[in-house]
Amino acid sequence: MKCQQCEKQAVFHITELETGEVREVHLCEDHARAYLNQSGAAEGGEGTSQPTGGALSVGQTADDLATLDRKACPMCGITFFEFRNQGRLGCAHDYVHFEKELEPLISNIHGSTQHAGRTPVREADAAGGALPAATDQFTAVIGLRREMQDAIACEDYEGAREHRDAIRGVEEHWLGGNVRGASQPRRDGARDET
Amino acid sequence: MGRASRVATGPAMRLDTLAGDVGEWLRGTGPESDIVMSSRVRLARNVAHYPFVSRMSETDRGEVERFLRERIATSPAGSDLEYIDVGRLEEIDRQFLVERQLISREHAEAQGARGVAIDGREQVSLMINEEDHLRIQCMHSGLDLRGAWEQIRSVDEQIGRVVPYAFHDRWGFLTACPTNVGTGIRVSVMLHLPALVITRQIDKVFRSLHKLSLAVRGLYGEGSQAMGDFYQISNQTTLGRTEEEFVEQVGDVVPVLIDYERRARKFLVRETQQNVHDQVSRAFGILRTAQTITAEETMQLLSRVRMGVLLGLIGDVNLADLNSLLVRTQPAHLQKLRGVELDTKDRNIERARYLRRHLEGGPPQN
Ligand SMILES: [Zn+2]
Ligand SMILES: [Zn+2]
């Protein structure tokens with residue numbers, strides 16, 4: 001995608017949240033810097049140095065905003081600031097962790113805050129419980145993997161091994177057994193859901 | 001297991017055999033195919049146990065690619081698919097897949113482990129590691145959103161049995177960008193609307209579509225600039241309605257657009273008979289005689305000739321052949337068919353040669 005102001009590749013995808021309106025801005029690095037400085041200065045009354053690129057919702061002070069921007073997903077580590085700059089979330093858990101912040105954004109985009117479509121089809125009871133719970137089990141692995149990498153970086157090999165075993169445990173429980181086994185018998189393309 | 005890994009060893013060979021053919025969606029058949037080129041549905045899906053694509057490490061990326069490739073191969077849906085390792089393709093081969101609409105431009109230009117699984121008729125394509133871990137696409141010729149939806153629903157269901165999709169009760173299928181969350185569905189039709197362009201009604205039509213929260217994009221041009229009067233209409237929102245409702249939302253406006261375009265075509269014939277006949281004949285003349293020609297001009301002229309054929313002003317050219325020329329005169333296809341790499345100048349000469357050969361005597365062989 002090209003920068004909206006020049007021919008260069010857009011590397012910043014900024015989601016602007018203005019009252020009652022969502023707007024996506026795609027810019028190259030230079031234009032993004034200019035853009036963020038400009039909008040930061042325009043609303044920098046509270047003396048914040050953080051370029052915010054637009055107010056999030058009505059009634060938020062710059063301090064609230066700065067705190068919110070530092071809020072990070074415990075699984076993938078993405079901060080809300082990073083999300084606002086890139087317009088892309090870091091992992092499935094972000095929808096849980098930033099739910100309150102995402103709600104007005106999603107409501108503006110879609111005019112709705114409740115899914116009404118299909119749910120994943122799995123073999124009956126294959127996942128051993130409700131699907132959202134299973135998704136949480138899975139996203140926990142993302143955090144474990146990050147901790148494993150940190151442990152390796154600190155040469156804490158004992159810790160790294162524990163994390164690795166925990167990851168394997170989850171993956172084998174959810175992926176190696178039930179989910180895979182459930183799919184095997186159907187080679188004929190027949191479906192049996194009611 | 002399977003065929004899914006077969007192509008990984010020799011992707012270029014498989015692509016070369018594809019070049020002599022065109023995908024199902026360009027057959028030029030199907031309901032309303034004088035105006036509706038193709039109907040497409042895509043679904044955005046992610047696995048729950050890895051970060052989204054923009055936040056994956058190189059290792060994650062490779063693992064997700066392998067995980068999805070293997071899971072797809074073991075699902076019933078995978079038995080009809082062939083897998084292409086896009087990360088290992090030459091640039092020209094990636095461009096080739098973009099021209100056939102089997103992968104997106106973004107997917108072609110991305111870095112790292114990624115791939116696409118496609119079926120022999122080129123109706124189904126599954127992109128791995130695009131903006132989301134998995135993008136499933138289903139494309140049918142003519143107006144057949146229902147058919148495309150039914151097919152993709154079944155593919156998605158089969159893969160969903162073996163892949164733990166990221167899903168949330170309230171937000172639905174979770175996607176990297178909140179604009180796709182919920183159903184993850186994008187329903188689109190590609191329309192050929194030359195008469196609305198010539199009669200300058202196209203902007204008015206698009207303004208009314210925006211009011212219905214439908215998006216309009218030019219097909220071949222960059223951004224919103226349409227080339228050759230081909231436009232894509234699609235839904236803009238993905239949350240709060242069922243997939244079927246989104247399919248209907250797009251499907252409902254198509255008959256209206258078809259009606260507008262047909263009326264504009266009739267108007268052109270009735271009111272400006274000589275004028276429009278002159279225009280399409282000149283377009284045909286240039287395509288049959290030019291010695292060098294750009295991709296843009298080719299697209300524009302083929303569009304006019306296509307309209308001329310449909311209005312009965314040009315004989316002995318059939319629609320499927322014209323549709324296939326739209327794809328085969330694009331850069332990567334031209335080079336594949338010729339079997340050599342060509343720079344822009346030589347491509348323009350080769351394109352003109354190719355057009356002369358295929359529009360002069362009889363229908364194109366290959
Ligand atoms: Zn720029
Ligand atoms: Zn996260």
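Order of the sequence lines sets the chain letters (A, B, ...), proteins ahead of strands, with each chain counted from 1. Computed over heavy atoms, backbone and side chain alike; hydrogens, waters and symmetry mates excluded.
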Could you check whether B:F67 and B:H49 have their ring centres less than 6.0 Å apart? yes

Side chain, backbone, both or neither: which part of B:S54 has an atom under 4.5 Å from a heavy atom of chain A? side chain

Per-residue contact mode, A:R145 against chain B (heavy atom under 4.5 angstrom): side chain

Please flag which part of B:T238 lies under 4.5 Å from any non-hydrogen atom of chain A: side chain, backbone, both or neither. both

Pick one of side chain, backbone, both or neither for A:I78, based on which atoms fall under 4.5 Å of a heavy atom in chain B. both

Examine whether an atom of B:R241 lies under 4.5 Å from a heavy atom of chain A, and if so say whether it belongs to the side chain, the backbone or both; otherwise answer neither. backbone

Contact winner vs chain A - B:S213, B:C177, B:S57, B:A166, heavy-atom pairs under 4.5 Å: B:C177

By a 4.5 Å heavy-atom criterion (distance strictly below it), what part of B:F246 contacts chain A: side chain, backbone, both, or neither? neither

Side-chain (B:D132) to main-chain (B:N46) donor-acceptor, under 3.5 angstrom: no

Please work out which of the three classes, parallel, tilted or perpendicular, describes the rings of B:F167 and A:H115, given edges at 30° and 60°. perpendicular

Highest number of heavy-atom pairs under 4.5 Å with chain A: which of B:T179, B:V53, B:D60, B:T183? B:T179

Do any side-chain atoms of residues 150-161 of chain A form donor-acceptor pairs under 3.5 angstrom with protein atoms, and if so which ones, sequence neighbours left out?
{"unit_1": "A:D156", "atom_1": "OD1", "unit_2": "A:G159", "atom_2": "N", "d": "2.9"}
{"unit_1": "A:E158", "atom_1": "OE1", "unit_2": "A:R161", "atom_2": "NH1", "d": "3.2"}

Non-hydrogen atoms of chain A under 4.5 Å away: do they reach the side chain of B:E131, the backbone, both or neither? side chain

Which one wins on heavy-atom pair count under 4.5 Å against chain A: B:T59, B:T175, B:D156? B:T175

Side-chain heavy atoms of A:Y95 within contact of B:V181, under 4.5 Å: yes

Closer than 3.5 angstrom, by distance alone: can the side chain of B:R217 be matched with the main-chain N or O of B:I233 as a donor-acceptor pair? no

Pick one of side chain, backbone, both or neither for A:E82, based on which atoms fall under 4.5 Å of a heavy atom in chain B. side chain

Using modelled atom types only, decide if a donor and an acceptor are shared between the side chain of B:E99 and the backbone of B:A332 within a distance under 3.5 Å. yes

Would the B:F206 and B:Y231 ring centres measure less than 6.0 Å apart? yes

